[in-house]
S.K.: 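Structure in structure tokens, see below.
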Amino acid sequence: MSNAEIGLIGLGTMGAALALNIADNGFDIAVWNRTTATTHQFHKDAGDLAARITPTDDLEGLVAAIKEPRAIILMVPAGQAVDDQIKALRPLLGEDDMIIDAGNANFHDTNRRAQDAGDLPFLGIGVSGGEEGARFGPSVMGGGKRAHWDRVAHIMTAISAKHNDEPCATWMGEEGAGHFVKAVHNGIEYADMQMIAEIYGIMRDGLLMDTAAISDTFATWDKGPLRSYLIEISGKVAGATDPKTGKPMLDVIVDAAGQKGTGRWTVIEAQHLAAPIPAIEAAVVARNLSSQRDARAAGEALFGPAPHRFAHDMMPLATLEEALIAGKILCYAQGFGMIEKASKEFGWALPLPAIAEVWREGCIIRSEMLDDMATALREDPDRNLMTAPYFADILKKTHGALRQVVAHAALHGLPLPALSSGLAYFDAMRTARGTANMIQGQRDFFGAHGFERVDGGSGHHGPWGS
Ligand code: 6PG
């Protein structure tokens, strides 16, 4: 019977949660998973929602169960699996039927798939919020032809998170625009998480605070300007106890961070775009470095541990909070700057204020500050966020704390890659006369590359040979 409003392929953690969310919002949905037993188990476990869900055993059955023109969401692992699924599905579909890739795709793949689809409806949408977000309201970043997005916008807005009743689901632009915005979201996510981890390191190793005190500190900060999902969960992570040993959970977790690759995609793309996102780059590097456990242990054996402990009362917690506020603003300024650059480069007209708006709820980087960022970007989407009056005022009050934290950490051997590169970015961006004149001199000296003179004209050469 063809009566489902939409179909979904891939009942992994995210796919299953998204399917339940769709059913929960009153839409009939047909589902299919490569393993048939998974499909039926999912249907059995769906409780009251089972009535809205049609489990199907093969792709033909899935297609037959959906109303025309069809829309089918793919929730399969990024990469070849998406291409394989499209290849298997497309021949079964009519020319008005739409495929929606809602996984974490590399936006270059989405661009290619959109081009391959030609006039056949295809969307690439970024979905953020982890399992809970997918189930109860994610942030949705749509990409593809506007007319195709409009066909499913009522479903996307219904299932998305809401901020003051406004849905966190927006069309970002053509082709891979939605997946691009999701990638930058993840880059910011990496930097935000890394900066929090760095501050945790100061509390743990510099101030010798126990995990309970660290947890309380994050919980307190979650009531102030840093209020955000990531600060909230950091407090909970720090406060958790390992049921096996009774030790703090953080003490039994290995200090090597995993990554599926979205942060790396962002950094690679930033280099292609010449978009400066040093805090995000530092966060990706820090994850790579964290996995070199043996090398780090050998380094400690060779050079000895650094004198981490700060002198008593040297660093008030309020200073750490201010440093994190400054770091966070600088990291978001970099992320939005990259989006602006890509928007021009790819001819997308990415809606910066709307991007800040869809990130206000549902996604991993959701935070109080994003509402103010949306306001600042609405006033002027073209300026660097750090120069928007509201954020410039905060930075004027907090960059001293960031400087103090970075300086003390350096003196005590505590690595703060993301916070220190955030500070270097701030200082570079407020230095009218930098030092690249020396680089231009060097380039001209060894390669006769020419330089611009401060008193006018380009293509000048220095008197190096004489
Ligand atoms: C989200 C998250 C999500 C991410 C995973 C793991 O917005 O819901 O960003 O998409 O893929 O949390 O990411 P890493 O393995 O790269 O840390």
Side-chain angles (χ1 to χ4, degrees), residues 10 12-18 20-21 73-79 81-82 100-107 109-110 124-143 156 159-161 163 168-170 172 176 178-197 228-234 236-237 253-270 277 279-291 331-332 335 338-339 355-367 370 418:
T13 311
M14 292 292 283
L18 205 63
L20 292 174
N21 185 358
I73 298 175
L74 307 185
M75 287 298 282
V76 299
V82 176
I100 304 169
D101 177 14
N104 254 343
N106 183 322
F107 82 98
D109 287 340
T110 308
I125 65 172
V127 176
S128 174
E131 184 183 359
E132 202 192 312
R135 175 64 185 87
F136 298 107
S139 170
V140 179
M141 295 146 259
M156 296 303 160
I159 64 166
S160 74
H163 181 268
C168 295
T170 298
M172 298 296 167
H179 279 139
F180 173 82
V181 172
K182 174 63 168 62
V184 178
H185 165 283
N186 279 33
I188 294 173
E189 173 185 307
Y190 275 46
D192 209 338
M193 292 166 75
Q194 175 64 27
M195 286 181 179
I196 293 172
S228 61
Y229 174 70
L230 285 171
I231 288 286
E232 180 197 334
I233 65 164
S234 302
K236 289 181 177 164
V237 168
I253 300 177
V254 170
D255 60 332
Q259 53 181 319
K260 289 193 187 124
T262 44
R264 188 180 300 143
W265 293 342
T266 310
V267 167
I268 291 169
E269 201 52 41
I277 55 162
I280 296 171
E281 285 176 7
V284 175
V285 171
R287 285 206 192 184
N288 296 340
L289 226 145
S290 76
S291 64
C331 135
Y332 280 69
M338 174 172 174
I339 292 175
I355 292 170
E357 283 163 10
V358 296
W359 289 349
R360 288 181 301 190
E361 285 296 341
C363 65
I364 302 294
I365 63 170
R366 60 185 182 263
S367 75
L370 270 162

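In each ligand, atom 1 is the first atom listed, and ligand 1 is the first ligand listed. The figures here come from the full heavy-atom set of this structure, side chains too, leaving out hydrogens, waters and symmetry mates.
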S.K.: First locate atom CD of E281, then atom CD1 of I268, and finally report the distance between them rounded to the nearest 0.5 Å.
M.R.: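 Output value for this atom pair is 10.5 Å.
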S.K.: Nearest 0.5 Å, please: how far is NZ in K260 from CH2 in W265?
M.R.: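 Atom-to-atom, W265:CH2 and K260:NZ are 10.5 Å apart.
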S.K.: In a check of side chain to side chain contact (heavy atoms under 4.5 Å, CB included) between S128 and each of I365, I364, N104, which one passes?
M.R.: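 Going through I365, I364, N104 one by one, the side chain to side chain contact (heavy atoms under 4.5 Å, CB included) with S128 is satisfied by I364 alone.
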S.K.: Starting from the N and O atoms of ligand 1, find every protein N or O within less than 3.5 Å and list the pair with its distance.
M.R.:
unit_1, atom_1, unit_2, atom_2, d
ligand 1, 7 (O), S128, OG, 2.4
ligand 1, 7 (O), K182, NZ, 3.1
ligand 1, 8 (O), G129, N, 2.9
ligand 1, 8 (O), G130, N, 3.0
ligand 1, 9 (O), K182, NZ, 3.4
ligand 1, 9 (O), N186, OD1, 3.0
ligand 1, 9 (O), N186, ND2, 3.0
ligand 1, 9 (O), E189, OE1, 2.6
ligand 1, 9 (O), E189, OE2, 3.2
ligand 1, 10 (O), N104, ND2, 2.8
ligand 1, 10 (O), K182, NZ, 2.8
ligand 1, 11 (O), N104, ND2, 3.0
ligand 1, 15 (O), K260, N, 2.9
ligand 1, 16 (O), Y190, OH, 2.5
ligand 1, 16 (O), K260, N, 3.0
ligand 1, 17 (O), R287, NH1, 2.8

S.K.: Sub-3.5 Å donor-acceptor pair from the side chain of N21 to the main-chain atoms of A134, do we have one?
M.R.: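 Yes; judged by distance alone, with no hydrogens or angles, the pair exists.
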S.K.: Listing request: all side-chain hydrogen bond (donor to acceptor under 3.5 Å, both in side chains) pairs with a residue in residues 130-143, at least two apart in sequence or in separate chains.
M.R.: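 Residue pairs passing side-chain hydrogen bond (donor to acceptor under 3.5 Å, both in side chains), neighbours aside: D24-R135.
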S.K.: Please check: side-chain N/O of S160 versus main-chain N/O of V140, any donor-acceptor pairing under 3.5 Å?
M.R.: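 Side chain of S160 to backbone of V140, a donor-acceptor pair under 3.5 Å: no, none is there.
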